[in-house]
Amino acid sequence: MSEFTGKTIFITGAAKGQGYAVAKAFAKEGANIIAFDLGETIPYPAYNRSSNEDLEKLKDEVEALGAKIVIYAGDVRKADDLKEAVDRGIKEFGTIDILFSNAGIAAYGYSWELTEEQWNDVIDINLNGGWLTSKYVIPHMIEQKSGVIIYNSSIAGLRGMNRMAHYAASKHGLIGLTRSQAIELAPYGIRVISLCPTGVNTPMNDGLAELEGTTVEEIATRSAGNLLPVPWIEPEDVVEAVKYLASDKAKYMTGSQFVLDAGLLTR
């Protein structure tokens, strides 16, 4: 029996990419899933394509594995959506043991050419959305005196990124949030960690390529430039990191950054 059997994981950005892969993997481990995603296209960036159909597909696939799932189409920028999703999950499963705060967007643009709306959209979804999600999950973890919060930051949270200042700022912010919440929540037995992957092979790369009028290979080279000879890592690599960080094997890790960078930061 997996140590995640009967545990509940709340995942934002669950309908696509890394969130989807983590949901499926934890379902195979016997965990209960609370899957949260926007379920609609937003104006910026134009490639965003998550849909209610994606959430329904995930629900069908998780249930086919014999696991339980609650899906919620909502916006991480809206407190009411997150509160209702958390309340539904607690009503269904009783606890939330793991939070994988994964919802995020990325786009290119020189910092001085970004509009206020573009800057705010990235900060609101990537950073404020992470904080707002945790705001409603943490009280339940405090009550049960246990829990693991994993923020999906990025290598961009540890270095600058050309033409992605809003993205890098948001990911740096998640690391500051991680460190601060780790201090606040340690007395309750709750761990908080930032996951910092290099570029990951998800539909976001296709979207960025479309916006730039280039190829996904060029996007990988431009965004990453890994030391190891790979253009990016796979969602399954992120899955293994999340499983490790959420497990008892990482029971003394908190306030830290788990770097999964294919050597990028060594350059």
Side-chain angles (χ1 to χ4, degrees), residues 1-14 17-37 58 62 65-70 76 82 85-86 89-90 92-104 129-131 133-154 157 174-175 177-179 181-197 200 233-261:
M1 180 183 294
S2 166
E3 70 176 281
F4 299 120
T5 300
K7 296 286 183 72
T8 300
I9 181 169
F10 188 111
I11 304 168
T12 62
Q18 298 172 64
Y20 170 85
V22 168
K24 290 285 296 294
F26 273 79
K28 290 176 183 176
E29 297 282 338
N32 305 313
I33 312 297
I34 306 170
F36 187 102
D37 207 302
L58 175 63
V62 165
L65 294 168
K68 297 178 181 178
I69 182 170
V70 168
V76 292
L82 287 163
V86 169
I90 291 293
E92 182 71 21
F93 303 126
T95 65
I96 296 175
D97 303 286
I98 305 155
L99 169 60
F100 182 47
S101 179
N102 167 70
W131 165 74
T133 305
S134 75
K135 174 179 172 64
Y136 292 102
V137 170
I138 284 170
H140 297 284
M141 291 184 170
I142 287 176
E143 184 176 354
Q144 66 201 32
K145 291 185 169 54
S146 65
V148 182
I149 298 171
I150 302 168
Y151 289 110
N152 200 3
S153 181
S154 169
L174 285 176
I175 289 175
L177 180 61
T178 294
R179 290 169 171 160
Q181 286 187 335
I183 295 167
E184 296 173 341
L185 297 174
Y188 304 100
I190 300 165
R191 299 189 291 111
V192 190
I193 305 155
S194 296
L195 175 60
C196 298
V200 184
I233 62 174
E234 298 297 325
E236 290 73 24
D237 300 313
V238 172
V239 165
E240 292 305 314
V242 173
K243 285 166 63 176
Y244 170 71
L245 294 172
S247 76
D248 286 342
K249 294 175 184 176
K251 63 185 177 181
Y252 296 123
M253 290 185 64
T254 193
S256 55
Q257 291 70 60
F258 189 90
V259 178
L260 193 65
D261 72 337

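All values below come from the heavy atoms of this structure, side chains included, with hydrogens, waters and symmetry mates left out. Quick caveat: nothing in here was measured; it's all calculated off a predicted structure.
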>> Between the side chains of Glu29 and Lys243, is the shortest nitrogen-to-carboxylate-oxygen separation below 4.0 Å, so that they form an ion pair?
In response: yes
> Asp37 versus Tyr20: any side-chain heavy-atom pair under 4.5 Å?
Replying inline: no
>> Tell me if a side-chain donor or acceptor on Arg191 pairs with a main-chain N or O of Thr254 at a distance below 3.5 Å.
In response: no
> What are the two closest non-hydrogen atoms of Leu260 and Ala241, and how far apart are they?
Replying inline: CD2-CB, 4.2 Å
> Which atom pair, heavy atoms only, marks the closest approach of Phe26 to Ala246?
Replying inline: CZ-CB, 4.3 Å
> Nearest heavy-atom pair of Val62 and Ala27: which atoms, and what distance?
Replying inline: CG1-CB, 3.9 Å
> Nearest 0.5 Å, what's the CG-CD distance between Leu174 and Gln257?
Replying inline: 10.5 Å
> Could you give the distance from OG1 (Thr133) to CG (Leu99), rounded to the nearest 0.5 Å?
Replying inline: 6.5 Å
> Applying side chain to side chain donor-acceptor pair (under 3.5 Å), which residue pairs with at least one partner in residues 181-190 are found, sequence neighbours left out?
Replying inline: Ser134-Gln181, Tyr151-Gln181
> With a cut-off of 6.0 Å (strictly less than), are more than 12 heavy atoms of other residues, nucleotides or ligands near CD of Glu234?
Replying inline: yes
>> For the NZ atom of Lys7 and the OG atom of Ser2, what is their distance to the nearest 0.5 Å?
In response: 8.5 Å
> What do the steps show when you test Leu82 against Val137 for side chain to side chain contact (heavy atoms under 4.5 Å, CB included), and what is the final call?
Replying inline: CA-CA 9 Å; Leu82 287 163; Val137 170; over 6 Å; no
> About how many Å separate CD1 of Ile149 and CE of Met141, when rounded to the nearest 0.5 Å?
Replying inline: 5.0 Å
> Has the side chain of Ser146 got a donor or acceptor atom that lies under 3.5 Å from a matching backbone atom of Ile190?
Replying inline: no
> Hey, which of Ile11, Ile9, Ile96 is the one that makes side-chain contact (heavy atoms from CB on, under 4.5 Å) with Ile34?
Replying inline: Ile96
> Do Ser101 and Trp131 have side chains that get closer than 4.5 Å, going by heavy atoms?
Replying inline: no
>> Just so I know, are the side chains of Thr8 and Ile90 near enough to count as touching, which here means a heavy-atom distance under 4.5 Å?
In response: no
>> Before you tell me yes or no, could you show the steps for Val238 and Leu195 under side chain to side chain contact (heavy atoms under 4.5 Å, CB included), namely the whole-Å CA-CA distance, both residues' side-chain angles and the distance that decides it to 0.1 Å?
In response: CA-CA 9 Å; Val238 172; Leu195 175 60; 3.7 Å; yes
> Do side-chain atoms of Thr95 reach the backbone of Asp97 as a donor and acceptor pair under 3.5 angstrom?
Replying inline: no
> If we only count heavy atoms from C-beta on, is the Pro235 to Val200 side-chain gap below 4.5 Å?
Replying inline: yes
>> Quick one, Pro197 and Ile233 - any side-chain contact, counting heavy atoms below 4.5 Å?
In response: yes
> Do Ser153 side-chain atoms and Ile175 backbone N/O form a donor-acceptor pair below 3.5 Å?
Replying inline: no
> Listed by chain and number, what are the ring pair (Phe, Tyr, Trp, His ring centres under 6.0 Å) partners of Phe93, not counting sequence neighbours?
Replying inline: none
> Any donor and acceptor pair, going by atom type alone, linking the side chain of Asn102 with main-chain N or O of Gly13 inside 3.5 Å?
Replying inline: yes
> Do Thr178 and Ser194 have side-chain N/O donor and acceptor atoms under 3.5 Å apart?
Replying inline: yes
> Are the side chains of Tyr244 and Phe258 in touch, meaning some heavy atoms are under 4.5 Å apart?
Replying inline: yes
